[in-house]
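One structure below.
Computed over heavy atoms, backbone and side chain alike; hydrogens, waters and symmetry mates excluded.
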Amino acid sequence: MRALASFGSGMASRKLIKVAAIIAFLYCTLLVYQGGVSNFQEPRVQVQELTIDPVTKSSVNDSDTTKKITLDDLFISVKTTKYYEKTRLPIILKTWFQLAKNQTWFFTDRDYQVHQTQTNGHMVNTKCSPNHSRNALCCKMAVEYDRYLESNKKWFCHFDDDNYVNVPRLVEVLQRYDYKEDWYLGRTSVYKPVRIYQKSKKSKNAKVENFKLKYSFWFGTGGAGVCLSRSLALKMLPFASGGRFISFCDNVRFPDDVSLGYLIENIMHINLTVIPEFHSHLEQLKLLETEKLKEQVSFGYSVYKNEWNVVNVPGFDTLYDPTRFLSLHCFLFPHFKFCPR
């Protein structure tokens with residue numbers, strides 16, 4: 001009897017280990033989808049080569065008062081970390097940040113006076129961990145959300161520090177939607193919704209354990225950007241305000257953008273509206289037609305085994321501009337001083 005009990009206990013332990021392994025695999029897969037910590041060293045950007053020039057003319061026309069929104073109705077947040085303050089941030093500050101200096105805020109994990117000065121105080125030290133763990137990502141998203149609420153803006157748009165944002169086009173796209181209604185805008189990074197299964201009760205005669213679908217949902221990847229209307233953001237208050245989003249992530253055990261999707265789709269029953277003009281590093285970016293780049297909103301980049309996944313755009317030498325963001329910016333806004341004449 002003791003041997004049988006020991007055997008049964010061992011079987012149960014192995015089942016628990018197997019289930020835990022499956023959960024760990026699924027979670028790691030989601031992190032890969034979100035573009036986890038890269039296995040490559042990004043080229044360091046020489047700050048002196050990227051001195052920030054003022055915009056020579058406005059590139060966003062807000063004079064039409066009949067529009068539903070203007071640029072000033074947006075709160076744009078960028079999640080970043082101290083690890084990328086000398087590689088990714090200088091490029092953003094030299095390019096698209098110049099088109100939305102008053103509307104864009106950077107959420108990082110340490111004080112860095114150089115960028116604090118360059119952004120006119122728009123660097124927020126979240127006090128969160130600089131790593132790419134679920135807790136660290138959710139911690140920063142929680143601070144972003146609370147800062148957005150304080151701004152009283154009509155739209156909350158989140159991007160990552162490896163995104164280029166076509167600011168005028170973002171404003172144009174948001175014109176299609178009413179901020180007084182519930183809108184969750186973004187782009188998926190997976191081809192099927194996230195599905196969570198629950199083990200059903202096993203009958204006495206059943207030889208195989210059965211699982212039933214508990215819930216499924218889509219989520220907009222942070223790597224392409226997501227935008228929430230004011231109406232929807234306010235309805236999230238009980239779940240996300242005052243740092244509650246961190247606890248919410250801990251409960252559902254998903255990364256920040258996946259947790260956001262679960263909250264909005266599965267609890268608030270608001271479906272993700274896919275915005276095809278949003279693009280992340282998870283796409284084959286070279287397939288984007290050059291003549292249609294002006295119609296797009298966001299872009300990403302990635303590199304694997306020294307092969308860069310970037311937009312195909314003419315401009316600077318790839319050694320100077322491997323991400324192609326400088327070239328893309330000059331392609332879209334050639335009036336900037338640093339662009340070739």
Side-chain angles (χ1 to χ4, degrees), residues 41-62 71-72 74 76-106 108 112-123 157 159-172 225 277 279 281 285-286 288-303 308-341:
Q41 183 66 40
E42 293 195 41
R44 178 167 174 165
V45 176
Q46 299 298 323
V47 176
Q48 63 268 25
E49 293 181 8
L50 291 176
T51 52
I52 298 175
D53 300 321
V55 180
T56 55
K57 68 178 182 179
S58 173
S59 298
V60 183
N61 183 10
D62 290 339
L71 175 61
D72 198 46
L74 275 61
I76 302 173
S77 67
V78 179
K79 181 188 280 98
T80 187
T81 171
K82 67 180 182 180
Y83 297 128
Y84 295 133
E85 63 190 19
K86 294 183 180 179
T87 55
R88 297 181 177 183
L89 280 188
I91 298 175
I92 293 178
L93 296 181
K94 186 172 181 68
T95 58
W96 67 266
F97 171 72
Q98 295 297 307
L99 302 173
K101 290 187 287 187
N102 294 328
Q103 296 77 23
T104 306
W105 295 79
F106 298 89
T108 186
Y112 188 55
Q113 190 55 48
V114 172
H115 288 154
Q116 195 67 262
T117 300
Q118 291 179 330
T119 62
N120 194 26
H122 279 221
M123 300 292 298
C157 292
F159 296 96
D160 286 345
D161 58 7
D162 56 354
N163 283 142
Y164 178 94
V165 181
N166 184 352
V167 176
R169 184 59 178 153
L170 174 62
V171 176
E172 289 178 2
E277 293 92 343
H279 303 281
H281 63 280
L285 294 166
K286 63 183 179 182
L288 292 175
E289 299 178 45
T290 305
E291 59 271 20
K292 293 185 178 180
L293 292 179
K294 294 182 179 181
E295 301 172 13
Q296 312 310 311
V297 172
S298 62
F299 306 85
Y301 70 87
S302 63
V303 61
W308 287 82
N309 176 25
V310 295
V311 293
N312 182 20
V313 63
F316 296 103
D317 187 277
T318 55
L319 292 177
Y320 175 70
D321 182 28
T323 69
R324 308 312 292 156
F325 280 2
L326 294 172
S327 300
L328 175 63
H329 187 73
C330 288
F331 178 80
L332 298 175
F333 310 103
H335 63 268
F336 271 66
K337 290 182 178 180
F338 73 87
C339 296
R341 293 293 186 268

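Put simply, CG on Asn166 and CZ on Phe299 are 6.0 Å apart, with the number rounded to the nearest 0.5 Å. Between atom CG of residue Leu89 and atom OG1 of residue Thr87 there is a gap of 7.5 Å, rounded to the nearest 0.5 Å. Note that CZ of Arg324 and CG of Asn309 are 13.5 Å apart. Values are rounded to the nearest 0.5 Å. Note that OG1 of Thr119 and CD1 of Ile92 are 12.0 Å apart. Values are rounded to the nearest 0.5 Å. For the atom pair Asp321 CG and Ile91 CD1, the distance stands at 7.0 Å (nearest 0.5 Å). The line from CZ of Phe331 to CG of Leu293 is 5.5 Å long, rounded to the nearest 0.5 Å.
Across all non-hydrogen atoms, the minimal contact from Leu93 to Gln118 is CD1-OE1, 3.3 Å. Considering every non-hydrogen atom in both Pro314 and Ser327, the closest pair reads O-CB, 3.6 Å. Counting all heavy atoms, side chain and backbone alike, Trp96 lies closest to Val165 at CB-O, 3.1 Å. Closest approach of Leu285 and His281 over heavy atoms only: CD1-CA, 4.4 Å. The two atoms that bring Asn163 and Gly225 nearest to each other are OD1-N, 4.4 Å, heavy atoms only. Residues Thr104 and His122 come closest through the heavy atom pair O-ND1, 2.7 Å.
A distance-only check finds a donor-acceptor pair linking the side chain of Gln116 to the backbone of Met123 [under 3.5 Å].
Tested against Gln296, the residues His279, Arg169, Glu277 include a single side chain to side chain donor-acceptor pair (under 3.5 Å) partner, His279. Looking at Thr108, Asp160, Asp161 one by one, the single match for side chain to side chain donor-acceptor pair (under 3.5 Å) with Thr80 turns out to be Asp161.
Within a 6.0 Å radius of CG in Asp317, other residues, nucleotides and ligands contribute more than 12 heavy atoms.
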For a side chain to side chain contact (heavy atoms under 4.5 Å, CB included) check, start with the C-alpha distance between Thr323 and Tyr164, then their side-chain angles and the critical distance, and finish with the verdict.
CA-CA 10 Å; Thr323 69; Tyr164 178 94; over 6 Å; no
Could you go through Phe333 and Cys339, starting from their C-alpha distance and side-chain angles, then the distance that decides it, and tell me whether this counts as side chain to side chain contact (heavy atoms under 4.5 Å, CB included)?
CA-CA 9 Å; Phe333 310 103; Cys339 296; over 6 Å; no
Which is it for Arg88 and Phe325 under the side chain to side chain contact (heavy atoms under 4.5 Å, CB included) test, yes or no, and what are the steps along the way?
CA-CA 10 Å; Arg88 297 181 177 183; Phe325 280 2; over 6 Å; no
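Defined by atom type and a distance below 3.5 Å, a donor-acceptor pair is missing between the side-chain atoms of His115 and Glu85.
Glu289 pairs by the salt bridge (charged side-chain N to carboxylate O under 4.0 Å, His left out) definition with Lys292, not counting sequence neighbours.
Note: Phe338 and His329 have parallel aromatic rings, judged against thresholds of 30 and 60 degrees for the angle between ring planes.
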